[in-house]
*Asks:* 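One structure is given below, represented as structure tokens, and several questions about it will come after.
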Amino acid sequence: MKAKILIIEDNEENLYMETFLLEKHGYEVVGVMDGREGLEAAGRIKPALIVLDIQLPSMDGYEIARRLKGQPDTRDIPIVAVTSYAMPKDRAEIIASGCEGYMEKPIDPDTFVSELERYLPTSPPPKDDKS
Ligand code: MN
């Protein structure tokens with residue numbers, strides 16, 4: 001079974017497209033359209049990766065990333081911000097808030113999944129049993 005991915009995105013079309021592409025590649029997707037809901041869902045479902053919009057109702061993506069990275073149970077989940085803000089200072093803020101990476105909108109359907117997969121944790125190497 002493939003990994004579970006949480007998408008926090010308030011634009012219905014983007015959420016639909018991102019979900020469609022990931023499901024097509026076999027991922028299990030949970031999508032939420034609100035910041036607080038996203039934070040709650042992350043703690044509850046422990047996704048392998050989070051796709052995070054920056055402009056969101058009730059709490060923006062920067063704040064969500066900071067909170068996720070500040071909690072022991074969610075801090076190891078990679079976060080990839082998806083944003084139409086791509087000025088250098090926005091990129092710096094995305095990284096400073098704790099996101100591992102970012103992608104620019106509009107998303108490219110041909111590369112979206114493979115780009116995200118760069119951030120997915122790989123399975124741990126087989127145990128060395130010489131110890
Ligand atoms: Mn948005």
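As the structure lists them, so they are numbered: ligands from 1, and atoms in each ligand from 1.
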*Asks:* Same cluster or not: Y119 versus Y102, using hydrophobic residues (I, L, V, M, F, W, Y) connected whenever any side-chain heavy atoms lie under 4.5 Å apart?
*Replies:*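 Result: no, two separate clusters.
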*Asks:* Would you give the length of the straight line joining atom SG of C99 to atom CD1 of I54, rounded to the nearest 0.5 angstrom?
*Replies:*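 Going from SG on C99 over to CD1 on I54, the span is 5.5 Å.
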*Asks:* Is there an N/O/S atom in E9 that lies less than 2.8 Å from the Mn ion (ligand 1)?
*Replies:*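 No, E9 does not qualify, because none of its backbone or side-chain N, O or S atoms lies under 2.8 Å.
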*Asks:* With respect to the Mn ion (ligand 1), please indicate if N14 possesses an N, O or S atom at a distance under 2.8 Å.
*Replies:*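 False for N14.
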*Asks:* Kindly check if the number of other-residue, nucleotide or ligand heavy atoms within 6.0 Å of CE (M103) is above 12?
*Replies:*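 Yes, CE of M103 has more than 12 neighbouring heavy atoms, counting only those of other groups under 6.0 Å.
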*Asks:* To make sure I understand the geometry: which N, O or S atom in D10 is closest to the Mn ion (ligand 1)?
*Replies:*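 Per the distance ranking, D10 contributes OD1 as its closest N/O/S atom to the Mn ion (ligand 1).
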*Asks:* Of all N/O/S atoms in D53, which lies nearest to the Mn ion (ligand 1)?
*Replies:*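 The atom in question is OD2.
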*Asks:* Considering only NZ, NE, NH1 and NH2 on the basic side and carboxylate oxygens on the acidic side, decide whether K69 and E100 come within less than 4.0 Å.
*Replies:*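 Looking at K69 and E100, the cut-off is met.
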